[in-house]
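Remarks on the structure that follows.
Order of the sequence lines fixes the chain letters, A, B, ..., with proteins taken first and strands second; residue numbering starts at 1 for each chain.
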Amino acid sequence: AQSVTQLDSHVSVSEGTPVLLRCNYSSSYSPSLFWYVQHPNKGLQLLLKYTSAATLVKGINGFEAEFKKSETSFHLTKPSAHMSDAAEYFCVVSEGTGGFKTIFGAGTRLFVKA
Amino acid sequence: KAGVTQTPRYLIKTRGQQVTLSCSPISGHRSVSWYQQTPGQGLQFLFEYFSETQRNKGNFPGRFSGRQFSNSRSEMNVSTLELGDSALYLCASSLGAGTVQETQYFGPGTRLLVL
């Protein structure tokens, strides 16, 4: 069975410092992995996705994530935080066996201090 | 291209009533998935429709049902509402190939409050 664990429910950083949001997953198949961001009162927006083409995935707004199969991790990073990055971030695993089966992590709320 | 739209955006109902939520996918997308988001349970997959057929289903009681029309628009129905059904209901559309790589595009959600 697939599962996703976001290791931190809250992360606080200062503007201009690096961001690290941690995600571990388990899957019986070769899954796809995604990171989505949700700003207050807005829908979910795709940041990036891993589909086995390359282990380092670059996304929008300077975010990137590295797929590490040996560690079953898919951590999200950004070199320099911006105030507009404050939001909730979701790590997602999809196995899609004949359809669309998607598991969301519990979310990590990112706070960015001025 | 217009994004995923959901109507209504906000809804207040009382226990025991039923409710219907609507989702219009991005043009050309044939798959529509529904999710429930609550502070306690997070985001949970309800079901996915493709070509007017339910293709996948999450672990929700039979009070939650849905359908998809020939134009790919989808509706979700919840009967005999309970207080615990208060949530943000999100709809997502995708092309529908059914592959793991497919990206879902989310609507803004319908916020349902059950009193």
Validation row: A/Val4, A/Cys23 side chains within 4.5 angstrom (heavy atoms):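 SC-SC contact between A/Val4 and A/Cys23 confirmed.
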Counting only heavy atoms closer than 4.5 Å, note whether [X] contacts chain B via side chain, backbone, both or neither.
| X | result |
| --- | --- |
| A/Leu44 | both |
| A/Phe90 | side chain |
| A/Gln45 | neither |

Linked hydrophobic residues, B/Ile26 as query - side chain contacts closer than 4.5 Å: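 Grouped by the 4.5 Å side-chain rule, B/Val4, B/Tyr105 form the rest of the cluster around B/Ile26.
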B/Arg73 and B/Ser22: side chain donor to acceptor below 3.5 Å: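 Note: B/Arg73 and B/Ser22 side chains meet the donor-acceptor criterion.
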Test item: side-chain donor near acceptor, A/Ser32 and A/Thr51, under 3.5 Å: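 Side chains of A/Ser32 and A/Thr51: no pair found under 3.5 Å.
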Output the distance between atom [atom1] ([X]) and atom [atom2] ([Y]), rounded to the nearest 0.5 Å.
| X | Y | atom1 | atom2 | value |
| --- | --- | --- | --- | --- |
| A/Phe74 | A/Lys49 | CZ | NZ | 11.0 Å |
| B/Glu75 | B/Arg67 | CD | CZ | 4.5 Å |
| B/Met76 | B/Tyr49 | CE | OH | 10.0 Å |
| B/Ser24 | B/His29 | OG | NE2 | 13.5 Å |

A/Tyr50 ring center near A/Tyr25 ring center (under 6.0 Å):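 That pair fails the under 6.0 Å test.
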For A/His75 against A/Leu20, the heavy-atom pair lying closest together: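 Minimum heavy-atom contact is CB-CD1, 3.8 Å.
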Sorted by number, residues from residues 106-113 of chain B in contact with chain A (heavy atoms, under 4.5 Å):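 Expected list: B/Phe106, B/Gly107, B/Pro108.
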Within residues 79-92 of chain B, residues adjacent to chain A where the heavy-atom gap is under 4.5 Å: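 The residues closer than 4.5 Å to chain A, in numerical order, are B/Leu88, B/Leu90.
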Where at least one partner belongs to residues 30-66 of chain B, residue pairs that pass disulfide (SG to SG under 2.5 Å), sequence neighbours excluded: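 Not a single pair qualifies under disulfide (SG to SG under 2.5 Å).
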Heavy-atom contact with chain A under 4.5 Å, split by part of B/Gln41: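 Neither part.
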